[in-house]
Amino acid sequence: MVVTTSWYLALAAALFSMGAVGLLTRRNPLIMIMCVELMLNAVNLTFVSLGSELGDLGGQLSVFFVLVVAASEVVVGLAVIVAIMRRRQGATVDDLSVLAG
Amino acid sequence: MDAAVFLISAAIVLAGAGGVLVARNPVHAALFLVQTLFGVAVLFVLQDATFLAAVQVIVYAGAVVILFLFVIMLLGVDRAEDLGVEPIVGQRPVAAAVGASLLGMLLIALLVSVDGPTGAHGANAPLGDAADNTRRLGEALFTDHVFAVELTAILLTVAVIGAVVLARRVRGPLAPLPIVVVASVADDGAQGDDGPPDVTEATGGDDEGEGA
């Protein structure tokens, strides 16, 4: 059996969908950020697969920048969660409806 | 051989993702996330992206997940969550439908393209083999994409400053804090004349990264 790029893309699609489902169902903000990480990883896998399919380094370069953005997103997101949790212990995202119109 | 490695790591990746979805304890979810990230790193190695595999393990498993665990321990939210309650009626069926349709659309797009993904082969940045992957990546990053690299540096600096400001413990009444912080930041920006532009440049860095 030869592993083609389509296999990787199918796996990335499954990973992305699972991350999306997690983001929609879980209420703990920490786990929601983890689900975002899952989706970002699925996209990274797509970038690398297509990069190696087309023989272009650009896919891997994009993944490098996605990694940086993901890291800073986690840093800021976790800081926001820490700030919220200090005020309200055990808050879930459903409790944070202050900004709802 | 390749197929065996792919199938095993695909199973690891999907099992880890499923674990993140259903884990009741956030610590377990973080550990399942590590499992998924390692599986993805193996898949990177399988595609000769050796540098990214190393970075994946170091940055994600080594830094991001440790940060998650720190926050979990710091906040004391490491107790099991009751997944039995459904806060919004119909949330889970709708989420499952959204996920299934997302997966279905992506798989249909894959199946419709009979020959698999097609496109013009890269001409200006040829992909080397695993041995010189890191050298080629470094050369491309620090020659063609050096501006984007510097923008990511600004982005990281902004993220660190933002995290420190957000997570700072405040003594006394909370209300005046945002005004004080915003005012002092605005003052710095007015003096150095590069406060607010940094933010816009950093968001421009994302675009550069995706277009690279």
Side-chain angles (χ1 to χ4, degrees), chain A residues 1-11 13-22 24-25 27-28 30-31 34-35 37-38 41 44-45 48-58 60-72 74-76 78-83 85 90 94, chain B residues 2-3 6 10 13-14 17-18 20-21 26 29 33 36-37 40 43-44 47-49 52 55 59 64 67-68 71-72 75 77 81 87 91-92 95-96 98-99 102-103 106-107 110 116-117 119 121-122 125-127 136-137 140-141 145 148 152 155-156 159 162-163 166-167 206 209-210 212:
Chain A
M1 271 193 300
V2 179
V3 182
T4 63
T5 305
S6 301
W7 293 30
Y8 288 101
L9 295 182
L11 175 63
L15 192 55
F16 189 88
S17 309
M18 289 175 88
V21 170
L24 290 173
T25 50
R27 293 190 303 148
N28 188 331
L30 280 165
I31 296 184
M34 290 182 201
C35 291
E37 297 301 314
L38 287 183
N41 264 277
N44 283 353
L45 193 55
V48 171
S49 309
L50 288 176
S52 70
E53 163 79 16
L54 300 177
D56 197 319
L57 202 59
Q60 296 189 17
L61 285 169
S62 305
V63 171
F64 182 82
F65 291 111
V66 171
L67 275 171
V68 175
V69 174
S72 38
V74 166
V75 167
V76 176
L78 288 181
V80 170
I81 292 175
V82 168
M85 290 287 191
D94 294 328
Chain B
D2 271 10
F6 175 85
V13 165
L14 291 180
V20 175
L21 255 65
L33 184 64
T36 300
L37 299 176
V40 173
L43 292 175
F44 282 174
Q47 292 177 307
D48 290 345
L52 286 179
V55 169
V59 171
V64 169
L67 197 60
F68 273 118
V71 170
I72 291 169
L75 297 175
V77 290
E81 183 185 349
Q91 183 182 9
R92 286 185 187 153
V98 169
L102 197 58
L103 181 61
L106 292 169
L107 289 184
L110 267 181
H121 280 241
L127 190 66
R136 278 175 186 270
L137 208 54
L141 271 179
H145 303 279
T152 57
L155 176 68
L156 287 173
L166 281 170
D206 306 359
E210 281 162 13

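The structure displayed is predicted, hence computed values, not measured ones. Every chain is numbered from 1, with letters handed out A, B, ... down the list of sequences.
Under the rule for a ring pair (Phe, Tyr, Trp, His ring centres under 6.0 Å), A:F16 has no partner lying at least two apart in sequence or in another chain. Here A:V3 pairs with A:W7, A:Y8, B:D2, B:A3, B:F6 under the side-chain contact (heavy atoms from CB on, under 4.5 Å) rule; sequence neighbours left out.
Contact of the A:F64 side chain with the B:L141 side chain is registered, since non-hydrogen atoms from C-beta on lie closer than 4.5 Å. Counting heavy atoms from C-beta on, the side chains of A:N41 and B:V13 never come closer than 4.5 Å. In this structure the side chain of B:F68 reaches within 4.5 angstrom of the side chain of A:E37, judged on heavy atoms. Counting heavy atoms from C-beta on, the side chains of B:V55 and A:V63 never come closer than 4.5 Å. Taking the side chain as every heavy atom from C-beta outward, A:L38 and B:L33 approach each other to under 4.5 Å. At least one side-chain heavy atom of B:L52 sits under 4.5 Å from a side-chain heavy atom of A:L67. A:L11 places a side-chain heavy atom less than 4.5 Å from the side chain of B:L14.
Using a 4.5 Å cut-off between heavy atoms, B:V98 touches chain A through its side chain atoms alone.
Nearest heavy atoms, B:L155 versus A:S72: CD2-OG, 3.7 Å.
Checked against A:V75 for a side chain to side chain contact (heavy atoms under 4.5 Å, CB included), the options B:L67, B:L156, B:L166 give a single hit: B:L67.
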